[in-house]
Structure formats: structure tokens, C-alpha cells
Amino acid sequence: MNIVILLGAPGSGKGTVAGALAAENQNLKHVSSGDLLRGAVAKGTDAGKEAKEYMEAGKLVPDALIAKMIADVVAETSGNTTMLLDGFPRNVAQAEILAETATNAGATIKSAVLIDVPDSLIQDRIAGRRTCPKCKAGYHVKNLPPKVEGKCDHCGEALVIRKDDNPETVKDRLAVYHAQTEPLIAYYKGKGLLKTVDGVGSIPSIAAAFLAAM
Ligand code: AP5
């Protein structure tokens, strides 16, 4: 298995790009740490109960909690898949854990692709985001509207606004990104794995640039 890491600020388009590419290519699998955690919260598992408070405050959940979820997904993923790993790692400690998880599973970290978007665009992107709680499809009220307002194109479920998508929490998530996740840019550059794509432009053009870079 190959692993491609998606790096980028909250709202930079990681889930949108990975979702679009995985929908078009059977060998690509989109794995989102945020979706795994939100699933655990919705099910009320012990991990979900522990994660909830951190997520609502825009803070990172403990490394071991999310690392275990990612290791489980890596273990159950078949060898000829390329995993688009969105939201993990989020700090250097998690990057070291991922390197060990990949080695143990016989997987290769192929690249870490940064979707580069200025902070000035982030609040607008997140304010307009709508998400399908059932199939996880993502929308934006202006930039990527559903065909029928408020309904998922794929499964018809009513779209929701994420609890952590309020302006105050977004500010905190951006601060956490700059302090804890941004150092991964230098980390993966040092390993010769970093690629960068401009995250400003149309979604199809960014997805194509990402595919070419990865
Ligand atoms: P997570 O779910 O990972 O959130 P995030 O990193 O903050 O990323 P987002 O999902 O907000 O953004 P995205 O880049 O996927 O943007 P999207 O494609 O939706 O994490 C949530 C929380 O879980 C964290 O705060 C933390 O508590 C916890 N957590 C998760 N992973 C963790 C970890 N590893 N360790 C510890 N804690 C962890 O796009 C945003 C919007 O913009 C959409 O509406 C979209 O339609 C629109 N859009 C996308 N691209 C474009 C474009 N090119 N032009 C115009 N609009 C666009």
C-alpha cells in the first residue's frame, strides 16, 4: 500500500480534493481522521466520548487516541490501494507514529502534499461548508452547492453544519494548525517527500494538480 498525506489548514480543501479523487479512482481510498473521530463521537464509543470535548474546542485530541484509529484502518486496507490520508499526522509526534505504522504494515509513504491556501480565505470557506452526516459528502453554499438546497446529492440526507465550524473555533483551529501542524512542512521537506499545490482556484483544477503532484 502507498500512503499520500494531505497537509493544509482547516478548510483548505483536503477533504474536498481527496473525496473527488477517490470517487473517480477505485484504487484511491480517502481516510479522514476528522470523519473517523466524528463517527466515534456519533456512536458514543469510549474514544468518541474522550475526543468530543477537544474537537468542540478546536484542540487536537490525544495522539494515542487517533493513532490507534489510523493504525486499524491501515491494517484493514488492501495492498494495491493508495490511501489519501487527510488530517493525520497533525504534529511531528504523529508523523513518527505514522512512519512506524507504515513500516509495520509494509506500506510506503509516497508523498506529503500541501494544499496551500491563505488564512484570509479560510473563514469564508468554513462558514459556507455543509456536510452530509450519512455519506460524508462535502458542500459549500456558494462554491459547491448541492442540487437541492440543504440535501445531499448522493443520498438525500439533510446537510448539517459541523459543531466546530463557528468563527471562534475556526480561529483556534487555525492557531493550532500554525503552531503544531505547520512544522510538518519542514519535516516532510527534510525527507524529500513534500509537494505543494496552490489551493486557490476551481476544485477540479486543484484536484488535477494534486493528482499530478502526488
Ligand atoms: P478535521 O475534520 O480534520 O478538520 P480540519 O483539518 O480542520 O479540516 P477541515 O475538515 O475543516 O477542512 P478541509 O481541508 O477538509 O476542507 P474542506 O475540503 O471541507 O478535524 C476536526 C477536529 O478533529 C480537529 O479540530 C481535532 O479536534 C480533531 N482531529 C482530527 N484529526 C486529528 C489528529 N490527527 N490529531 C488530533 N486531533 C485531530 O473544504 C472546506 C470548504 O471549502 C468546503 O465547504 C468546500 O466545499 C470548500 N472548498 C474546498 N475547496 C475549495 C476551492 N478550491 N474553492 C472554493 N471552495 C472550496
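From a predicted model like this one, the values you see are computed outputs, not experimental measurements. One-based numbering, in listed order, for ligands and for the atoms of each.
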Would you mind writing out the side-chain donor-acceptor pairs for residues 60-72 within the sub-3.5 Å range, not counting sequence neighbours?
from  : atom 1 : to    : atom 2 : distance (Å)
Asp63 : OD1    : Asn91 : ND2    : 3.1
Asp63 : OD1    : Gln94 : NE2    : 3.0
Lys68 : NZ     : Asp72 : OD1    : 3.1
Lys68 : NZ     : Asp72 : OD2    : 2.9

For ligand 1, indicate whether the residue Ile66 contacts it via side chain, backbone, both or neither (heavy-atom separation under 4.0 Å).
side chain

Any atom of ligand 1 sitting under 4.0 Å from a heavy atom of Gly138?
no

Is there a polar contact, in the sense of an N or O pair closer than 3.5 Å, between Asp164 and ligand 1?
no

Identity of the nearest option to atom 56 (N) of ligand 1, non-hydrogen atoms only, from Leu144, Val170, Asn143, Thr16
Asn143

Can you tell which of Lys59, Gln94, Lys142, Arg162 gets a heavy atom nearest to atom 35 (N) of ligand 1?
Gln94

Could you tell me whether Val61 and ligand 1 have an N or O pair separated by under 3.5 Å?
yes

Between Arg173 and ligand 1, is there a nitrogen or oxygen pair with a distance under 3.5 Å?
yes

Which ligand 1 atoms, with their elements, are less than 4.0 angstrom from a heavy-atom of Leu60?
36 (C), 37 (N)

Got a list of side-chain donor-acceptor pairs under 3.5 Å for residues 20-29, not counting sequence neighbours?
from  : atom 1 : to    : atom 2 : distance (Å)
Asn25 : OD1    : Asn27 : N      : 2.9
Lys29 : NZ     : Thr77 : OG1    : 2.9

Looking at non-hydrogen atoms alone, which of Arg129, Arg125, Lys52, Glu53 comes nearest to atom 19 (O) of ligand 1?
Arg129

Where the closest heavy atom to atom 40 (C) of ligand 1 is concerned, which of Gly11, Gly19, Pro10 has it?
Gly11

Salt-bridge test for Lys136 and Asp35: reply yes if a basic N is under 4.0 Å from a carboxylate O, no otherwise.
no

Quick one: does Ala18 get within less than 4.0 Å of ligand 1, heavy atoms only?
no

Same cluster (ILVMFWY, side-chain, under 4.5 Å), Leu114 and Val31:
yes

Just to be sure I'm reading this right: ignoring hydrogens, which of Gln180, Arg90, Lys14 gets closest to atom 3 (O) of ligand 1? Compare them by their nearest heavy atoms.
Arg90

Below 4.0 angstrom, N of the basic side chain to O of the carboxylate: do Lys59 and Asp172 qualify?
no

Closer than 3.5 angstrom, by distance alone: can the side chain of Tyr139 be matched with the main-chain N or O of Lys151 as a donor-acceptor pair?
no

What atoms of ligand 1 come closer than 4.0 angstrom to any heavy atom of Tyr139?
43 (C), 44 (O), 46 (O)

Does even one non-hydrogen atom of Arg130 get within less than 4.0 Å of ligand 1?
no

